[in-house]
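To start, the structure itself, in structure tokens.
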2 protein chains.
Amino acid sequence: MTTTRREQILDTAATLFAERGFHGVSVHDIGSACGISGPALYKHFAGKDDILTQSLIGISQRLLAEGRQRTATAETSEQALAALIDWHIEFALGHPALIVIQEREWANLGADGRREVRALQLAYIDIWVDTVRQLRGDLDAPEARAVVQATFGLINSTPHSARISESSMASRLGRMARAALQA
Amino acid sequence: MTTTRREQILDTAATLFAERGFHGVSVHDIGSACGISGPALYKHFAGKDDILTQSLIGISQRLLAEGRQRTATAETSEQALAALIDWHIEFALGHPALIVIQEREWANLGADGRREVRALQLAYIDIWVDTVRQLRGDLDAPEARAVVQATFGLINSTPHSARISESSMASRLGRMARAALQA
DNA sequence: AGATGAGGTTAACGATTGTTAACCTCCTAG
DNA sequence: CTAGGAGGTTAACAATCGTTAACCTCATCT
């Protein structure tokens, strides 16, 4: 597990942003949590905004790339949907801070970063929407989008609860998500 | 619709907090959006923190009071759960900004306010948990809590999507929530 | 051996923030 | 009629913020 300083900064910053919000964290806080101090961050990033931007881009890329791969190797739509559910649950349980900032901090991005992150997020959602619509002919595109967003909300609730073991939480969320997507 | 200045401040502040986060909004922003300017807010609240605190307390009280009343007038557990689902959906669709700040700004409260809000939120969750457990004997308390939190996440996803009409969104969310709670 | 660049440091800046102070209007109760 | 409080205003404050500048310290390469 070779962690570069850049990754360390992105990781600790994401955790702090998730706890206190983007504007609630100072560059001194981030540096201090990394063992360095304040302005040293500018050796790795263009500014505080850039840290958030790179973080959100990285998250969106990871979600999209794995989503693409898992659906590509699935043989049926049922398998594809199951793979998407498993993947999203795995990510949400493994990286609660990243899930939190991805869903709440995108308003603090600059115009360029927002466009890029938005495009990646939309691509990821589209994978879900396409898969769901192959199994649910009764849903038009906007309806399917709403259903998928609601499913994300269900799975992404993990950071707010997490009182039972990770494995039982994973299977519980999986069952609920499948049921909700069929309703 | 008699709206006192105090309510107006709470309302507009909640909207701004939902959009940009607590630390992303200045007292000047809040006052300006109310047609008054900055320091005038201190005639109605003790400070910026106090605005957030009163807002969150009000939201939690509304959710709890109506949750209590609707379950009290229900004759069966099935009816009670349906009433809770309907109420939460009605609130989330009608006041997306309040839902957003209630679930994400609680970390910015002072110790006293946090305790008070937390107690109200727990009481509301407990109504749900008790009702769910009467219908789902297989769930112990922590499991039921996780299931309820996931259902909140599903319903609270409304502010992030909202592309279809409010009535079809309401029925769609209701169906999904019921299915998820039975899974 | 010596130049170099990567990755730190502290000091200082201008801007913005929450908050207080001092002052000005009205509306209204006695 | 008039004292006073409720609800505004602007000016000014100390603190904190993101950012830049200037400087230091070593590995590493020629």
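First the proteins, then the strands, lettered A, B, ... as listed; each starts at 1. Computed from a predicted structure; not experimentally measured.
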[X] has an atom [atom1]; how far is it from atom [atom2] of [N], in whole Å?
X        : N       : atom1 : atom2 : value
Leu41(A) : dA21(D) : CG    : P     : 17 Å
His28(B) : dA11(D) : NE2   : C1'   : 14 Å
Tyr42(A) : dA21(D) : OH    : P     : 12 Å
Arg6(B)  : dG8(D)  : CZ    : P     : 14 Å
Phe22(B) : dC17(D) : CZ    : P     : 14 Å
Phe45(A) : dG8(C)  : CZ    : C1'   : 16 Å

Using a cut-off of 4.0 Å on non-hydrogen atoms, how would the nucleic acid contact of [X] be classed: base, sugar-phosphate, or nothing?
X        : answer
Lys48(B) : sugar-phosphate
His44(A) : sugar-phosphate
Gly38(B) : nothing

ask   = 5'-most contact on DNA chain D: Lys43(A) or Asp29(A), nearest heavy atom basis?
value =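 Mapping each residue to its closest nucleotide by heavy atoms, the 5'-most match is Asp29(A).
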
task = Would you please classify the geometry between the Phe152(B) ring and the Tyr124(B) ring as parallel, tilted or perpendicular, with 30° and 60° separating the classes?
result =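 Judged by the thresholds at 30° and 60°, the geometry between Tyr124(B) and Phe152(B) is parallel.
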
inquiry  = Treating Gln102(A) as the side-chain partner and Leu98(A) as the backbone partner, does any N or O pair qualify as donor plus acceptor under 3.5 Å?
reply    =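 No, because the side chain of Gln102(A) does not come within donor-acceptor range (under 3.5 Å) of the backbone of Leu98(A).
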
Asp126(B) side chain vs Ala123(B) backbone, donor-acceptor pair below 3.5 Å =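 No; zero donor-acceptor contacts below 3.5 Å.
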
query = For the residue pair Phe17(A) and His23(A), is the inter-centroid distance of their aromatic rings smaller than 6.0 Å?
reply =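 Ring-ring flag for Phe17(A)/His23(A): false, centres at least 6.0 Å apart.
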
message = Is His23(A) close enough to dT17(C) that one of its side-chain N or O atoms is under 4.0 Å from OP1 or OP2 there?
response =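 Checking dT17(C) against His23(A), no side-chain N or O comes under 4.0 Å of OP1 or OP2.
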
key: OP1 or OP2 of dG8(D) under 4.0 Å from side-chain N/O of Arg5(B)   =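 Yes.
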
Using the side-chain heavy atoms of [X], tell me which of these nucleotides is nearest: [options].
X        : options                  : answer
Val27(A) : dT9(D), dT19(D), dG18(C) : dT19(D)
Ile36(A) : dT19(D), dT19(C), dG8(C) : dG8(C)
Pro39(B) : dT9(C), dT20(D), dA21(C) : dA21(C)

ask   = Does NZ or CZ of Arg114(A) fall inside the cone over Trp106(A)'s six-membered ring, less than 6.0 Å from its centre and within 45° of the axis?
value =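 Judged by the rule (NZ or CZ under 6.0 Å from the ring centre, within 45° of its axis), Arg114(A) is not positioned above Trp106(A).
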
